[in-house]
Amino acid sequence: MSEPTDPSDSVKVSRFTYRQLQGLRHGSTATPLRVVAHIDLDAFYAQCEMVRLGTPRETPLAVRQWDSLIAINYAARPFGISRLINVTEARKLCPDLVLQHVATFREGEGGRWAYRDDSFRNISTDKVSLDPYRAQSRKILQTMKEALAAWAVDENENENEHPKQELAAGLEKASIDEVFIDLSPLIYKTLLQRYPELQSGTQDENRDADLPIPPTTALQWDTDCLVDLDKHETEEDDPDWDDVVMLIGSEIVRSVRNAVWDKLSYTCSAGLGRNKMIAKLGSSCNKPNLQTVVRNRAVQNFLGGYKFTQIRMLGGKLGDQITSSFGTEKVSELLNVSLEQLRTKLDDHTASWLYGIIRGDDRSEVNPRTQIKSMLSAKSFRPSINSLDQADKWLHIFAADIYGRLVEDGVLENRRRPRVITLHHRTAQFRSRQIPIPKSNTIDEELLYDLAKTLLRQIVADGQAWPCSNLSLSVSSFEDGVSNNKAIEGFLVRGDQAKALSHVARPRATENAINEQPPADKKRRLDGGRIKQFFGNPSEDAVGEPQGVPQQPFTDSEDVTIPKYTCPRCLTLVSEYEKEEHDDWHFAKDLAQQDREESRASQPLPPPKSNPRGAAARGRGSRGGSTRGKTEKGQMRLAFQ
DNA sequence: GCCAGCGAT
DNA sequence: GGATCGCTGGC
């Protein structure tokens, strides 16, 4: 029954049009043919330790942080071990459990983290380091990008075709162990190769014509977990193109997961669906080491079984508010609430967004971003600390931690540099102060420490600084070192990715370090001249930089000099051979933008309100008035009412 | 630009 | 619960 064929038409046609197919090509978020994947490493920290220690997969293992567990591998879960219990209880449940403490920095031992067998007894002098996991995360991300690029090549026999970097770039690092990938453009290419008949009609005149029906009657889903179809759908119906693209997406994701396994021995789970929300829910359906496909015809059935509080952005106060307003947590029951009813309890924008999201409509973009936007180093104190002296010691560790990570990020080579430094401080409540990082200085550990100390003094001067239960230092507002043009940061990220991909043969040396403890005293080998060229003098030796391996700037010496070209539209410097691709990218982006504008009216943006480029400023201040006088300070400013 | 707060893993 | 990250909103 799912073939809404025009009865007057004797030939079966697809439910989809050439316009929608083009949407796939250009990464439109509105096309029903879109395919997004969410890939999630299984019990990530635990896997990192398994790989580092060479533990067999069947061995139960948990990662501990002080007295609690922060990751439990799948072999340990049948014993009833979860993050809710402590080390003692875990040992009781599973005497053979391997308990590995996270790496730590230690007061007085410079900025080097290490795995120490006594860290759990030194909560007062040690600070957790997540560096080993960040390093693994980067390697995995790189492997995923390579796998995507490889797919583009394999599927693309024609060598004259554009390079595939662009296709691999639609990858968003959502957290240390998760990524979203918008597979649409990659699938589009594959689709046209496998079904050349689709090429004929791609030209303008018949954009709204129906596509032909796929020449397949049954799809081979291999090892995928398929979510059951909606009530009135049946597997007997022939597949349409939205099923075919999902199958291709599934093949791509499998190849990515296989690459991660083959090269790095990590398993991951994945979800595929027509948007981020669906993909994200899907990836956790079948863990570990499986992928779940939510076809369009299965979306209602799929979502109907969830509590809406499990949907992205509804896990917090917003979700609670909705629950109490409508007396249910179930998606299936909230479906019975009309948009008007939603509007009685939520502001218009949130209501529209919610109405769509529980029906499977989510047009948020996969943000092609792999770079970090801020870095934070923190410590909770139990018991609280009471003096400037004590706090000072921690500032040293924070500065060393952050400096090490900045080095990894390329401060020395001047790829990126933070503009702001912030100190957070908690007594009864949180307070924070921030100041700009002087542009004239070379960023080094000392500078970070001095700035932090200044901030701490300010906070102390503000009063009520002790006892302090939490302290954290962070750097943010990163700017790109080379082009100095931050207005187009979105594109610069892609540029960086493209560069990274073009150097896949030379991965970051620092990322092989997880199997060893950080080298004790390896000195950084600075590439002298180039650095001062931008920010003054090169820093001193990076004492205590965690992983001690120098990193080559992409533009470094032994590379052939590549002719550069400055894009007149975004002023970005791209290599000559990337020019064509770059122009294509603008073109595609323009089309996608057009597309978005066309469909904007019907698609509310994510809550709570606002959208960076909301041209038609929805300045609606109409939230005022009524009740709720008892909102605590600073709490719950969401636009309910 | 500064700071607080929310949501997420 | 602890340590991170990203983002928005109010001034």
Practice problem: Indicate yes or no: does A/Asp401 engage A/Arg405 in a salt bridge with an N to O separation below 4.0 Å. | Solution: yes
Exercise. Would you tell me whether A/Thr125 and A/Glu107 have side-chain atoms, one donor and one acceptor, within less than 3.5 Å of each other?
Key: no
Quiz item: Given atom NZ of A/Lys373 and atom C1' of C/dT8, what is their separation to the nearest angstrom?
Solution: 12 Å
Self-check item: A/Glu49 and A/Tyr115 side chains, donor-acceptor separation under 3.5 Å
Solution: yes
Self-check item: Proximity to DNA chain C (any heavy atom under 4.0 Å), residues of residues 61-79 of chain A only
Solution: A/Gln65, A/Ile70
Exercise. Starting at atom CZ of A/Phe44, determine the distance to atom P of B/dT9, rounded to an integer number of angstrom.
Key: 16 Å
Self-check item: A/Leu318, nearest nucleotide to its side chain (from B/dC2, B/dG7, C/dC5)
Solution: B/dG7
Quiz item: From the list B/dC2, C/dA3, C/dC5, which nucleotide is the closest neighbour of the side chain of A/Val128?
Solution: C/dA3
Practice problem: Pick base, sugar-phosphate or nothing for A/Lys280, based on heavy-atom distances below 4.0 Å to the nucleic acid. | Solution: sugar-phosphate
Self-check item: Integer-rounded Å distance: B/dG7 P and A/Lys276 NZ
Solution: 17 Å
Quiz item: Between A/Tyr449 and A/Asp392, does any side-chain donor sit less than 3.5 Å from a side-chain acceptor?
Solution: yes
Exercise. To the nearest Å, give me how far apart CZ (A/Phe430) and C1' (C/dG2) are.
Key: 11 Å
Self-check item: Option among A/Arg138, A/Arg134, A/Arg416 that satisfies the salt bridge (charged side-chain N to carboxylate O under 4.0 Å, His left out) test with A/Glu408
Solution: A/Arg138
Self-check item: Residue-phosphate contact under 4.0 Å: A/Thr422 side-chain N/O, B/dC2 OP1/OP2
Solution: no
Exercise. Measure from the side-chain N and O atoms of A/Thr104 to the backbone N and O of A/Arg106, and report whether any donor-acceptor pair falls under 3.5 Å.
Key: no
Exercise. Rounded off to whole Å, could you give me the CZ-to-P distance for the A/Arg431 and B/dG5 pair?
Key: 12 Å
Self-check item: Listed nucleotide nearest any side-chain atom of A/Arg134, set C/dC5, B/dC3, C/dG2
Solution: C/dC5
Quiz prompt | Nucleotide of C/dC7, C/dC5, B/dT9 approaching A/Ser175 most closely (side-chain heavy atoms) | solution = B/dT9
Quiz prompt | Side chain of A/Asn470 - closest among C/dG6, B/dT9, C/dA3 | solution = C/dA3
Quiz item: To the nearest Å, how far apart are A/Leu376 CG and C/dG6 P?
Solution: 10 Å
Practice problem: Give A/Arg433 one of three labels, base, sugar-phosphate or nothing, depending on what nucleic acid heavy atoms sit under 4.0 Å from its own. | Solution: sugar-phosphate
Exercise. Return the nearest nucleotide to the side chain of A/Asn367; candidates are C/dC7, B/dC3, B/dG1.
Key: C/dC7
Quiz prompt | Options B/dG1, C/dT4, C/dG2, nucleotide nearest the side-chain atoms of A/Arg382 | solution = C/dG2
Quiz item: So, A/Asp42 side chain and A/Asn289 main chain: donor-acceptor pair closer than 3.5 Å or not?
Solution: yes
Quiz prompt | A/Lys127 vs C/dT4: side-chain N/O to OP1/OP2 distance below 4.0 Å | solution = yes
